[in-house]
Amino acid sequence: MGEAAAVSLPPGTGAARDVTGGGLPLYCVPHAGAGTSAFARWPALLGPGIRPVPVLLPGRDRRRREARVTTRAALFADLLRTHGPPPPGPYALYGHSLGGLVAYSAARALRAAGHPGPALVVIGACPPPDATVPLTESATLPDDELLAVLQEFGAVPPDAPAGGIWRRTALAVLRDDLRLARSLRDAADGPLDVPLLTVAGDADPLAGPGVMAGWRRWAAGGHTARTLPGDHFFVRGTALPRLLSRACRVVLRRTVVRDSR
């Protein structure tokens with residue numbers, strides 16, 4: 001389906017308090033090796049009532065001097081330290097590629113710890129935890145071989161410089177992010193009990209629609225799948241935030257209905 005497709009989410013759990021005044025928080029986790037620049041235009045594209053909260057992992061951008069996280073435990077410690085516990089009202093998570101594993105894992109961990117779970121989890125361009133993903137087995141390869149694997153699966157941004165600067169600045173981050181991805185896949189322990197929306201790029205060589213369909217096995221709270229035009233980096237276009245805007249407004253409408261009962 002294209003970006004004009006309607007969003008109809010399955011019924012699920014979620015906090016019951018209207019936060020339209022401050023905006024529904026949408027925590028946005030980027031793909032491997034990336035900062036949060038892909039979300040820079042999202043406040044305008046999402047529209048009023050939805051507040052994107054970019055999640056910057058350590059080791060990049062303004063946090064580039066901080067040690068990168070490569071394990072599930074270190075990731076959760078960093079998320080709680082930098083973002084605190086989840087808000088009291090409804091919130092949503094979006095994760096792209098590696099960020100999808102972070103969103104899934106965070107939602108599971110928060111519920112296990114007794115915190116309010118998200119009203120919606122959206123995962124884009126990320127194979128499910130039980131999928132065979134050669135990239136996650138490539139973290140220890142020499143630079144040239146790792147770069148070849150990344151290019152084979154379309155995991156190098158199309159605007160990445162061809163020279164040595166990109167390799168020096170980004171490849172080490174990508175390598176550690178692959179280690180983190182492996183840790184999160186190994187620790188995946190069950191399905192989400194909240195509504196799950198998965199989004200695929202129709203030309204994504206790594207996580208196309210067929211691969212993304214595997215997430216239904218990890219969605220005890222209901223699963224909706226959508227396909228957008230683009231390759232692995234469709235996160236940089238306008239179709240995704242517009243789709244998320246519609247999905248988040250479904251969450252807000254349900255919250256208002258619950259509060260009015």
Side-chain angles (χ1 to χ4, degrees), residues 13 15 25-36 39 53-88 91-141 146 150 155 170-194 196 198 207 214-215 217-221:
T13 58
L26 172 63
Y27 294 88
C28 306
V29 192
H31 53 85
T36 57
F39 310 123
V53 183
V55 176
L56 180 65
L57 298 179
R60 60 213 82 198
D61 291 355
R62 68 177 183 276
R63 302 188 67 189
R64 61 185 178 277
R65 297 187 183 278
E66 299 179 40
R68 294 185 289 272
V69 295
T70 58
T71 66
R72 185 174 184 264
L75 169 69
F76 294 151
D78 181 77
L79 291 176
L80 288 174
R81 183 171 61 252
T82 55
H83 292 277
Y91 65 97
L93 306 179
Y94 175 72
H96 195 83
S97 195
L98 167 69
L101 286 175
V102 174
Y104 158 81
S105 302
R108 289 281 301 174
L110 288 168
R111 293 301 289 264
H115 293 294
L120 172 67
V121 174
V122 187
I123 294 174
C126 176
D130 56 343
T132 300
V133 184
L135 274 179
T136 59
E137 309 298 327
S138 304
T140 59
L141 291 176
L146 174 58
L150 291 167
L171 200 56
V173 180
L174 278 165
R175 188 184 297 279
D176 279 347
D177 282 353
L178 292 176
R179 293 189 175 102
L180 174 60
R182 178 57 190 264
S183 175
L184 297 180
R185 289 186 180 280
D186 288 346
D189 56 359
L192 295 169
D193 62 356
V194 301
L196 173 64
T198 57
W215 276 102
R217 297 186 294 273
W218 298 82

**Asked** To the nearest 0.5 Å, what is the distance between CZ (Arg182) and OG1 (Thr140)?
**Response** 10.5 Å

**Complete:** In terms of heavy-atom contacts, Leu79 and Ala106 come closest through CD1-CB, 4.4 Å

**Prompt:** Going by heavy atoms in the side chains, are Pro86 and Tyr27 under 4.5 Å from each other?
**Reply:** no

**Message:** Tell me whether Ser183 contacts the main-chain N or O of Arg72 through its side chain, where contact means a donor paired with an acceptor under 3.5 Å.
**Reply:** yes

**Asked** Under 3.5 Å, side chain of Asp177 to main-chain N/O of Gly33, donor-acceptor pair present?
**Response** yes

**Item:** Within-4.5 Å side-chain heavy-atom neighbours: Thr82 and Glu66
**Value:** no

**Request:** For a side-chain contact (heavy atoms from CB on, under 4.5 Å) with Tyr104, tell me which candidate from Cys126, Pro128, Pro129 qualifies.
**Result:** Pro129

**Asked** What's the shortest heavy-atom distance between Ala139 and Arg179, and which atoms?
**Response** CB-CG, 3.7 Å

**Message:** If you compare all heavy atoms of Ser97 against all heavy atoms of His31, which two are closest, and at what distance to 0.1 Å?
**Reply:** CB-CB, 3.7 Å

**Asked** Rounded to the nearest 0.5 Å, what separation is found between the CH2 atom of Trp218 and the CG atom of Asp189?
**Response** 8.0 Å

**Message:** If you compare all heavy atoms of Leu56 against all heavy atoms of Gly35, which two are closest, and at what distance to 0.1 Å?
**Reply:** CD1-CA, 3.8 Å

**Asked** If you measure from CG on Leu171 to CG on Asp176, what distance do you get to the nearest 0.5 Å?
**Response** 10.5 Å

**Prompt:** Does Pro191 offer a backbone N or O that forms a donor-acceptor pair with the side chain of Arg108 under 3.5 Å?
**Reply:** yes

**Message:** As a quick check of understanding, evaluate side-chain contact (heavy atoms from CB on, under 4.5 Å) for Val69 and Leu180, giving each step before the final call.
**Reply:** CA-CA 7 Å; Val69 295; Leu180 174 60; 4.2 Å; yes

**Asked** Are the side chain of Arg175 and the backbone N or O of Leu141 linked by a donor-acceptor pair below 3.5 Å?
**Response** yes

**Request:** First locate atom CG of Leu98, then atom CG of Leu135, and finally report the distance between them rounded to the nearest 0.5 Å.
**Result:** 11.0 Å

**Prompt:** What pair of heavy atoms forms the shortest contact from Arg185 to Pro127, and how long is it?
**Reply:** NH2-O, 3.0 Å

**Prompt:** Going by heavy atoms in the side chains, are Leu146 and Leu150 under 4.5 Å from each other?
**Reply:** yes

**Asked** For the atom pair CG (Leu101) and CD1 (Ile123), what is the distance rounded to the nearest 0.5 Å?
**Response** 7.5 Å

**Fill in**
In this structure, CG of Leu75 is separated from OG1 of Thr70 (nearest 0.5 Å) by 10.0 Å

**Asked** Looking at Ala107 and Val121, what are the two nearest heavy atoms and their distance?
**Response** CB-CG2, 4.0 Å

**Request:** Without swapping roles, check the side chain of Thr71 against the backbone of Ala74 for a donor-acceptor pair under 3.5 Å.
**Result:** yes

**Item:** Arg65 side chain vs Arg63 backbone, donor-acceptor pair below 3.5 Å
**Value:** no

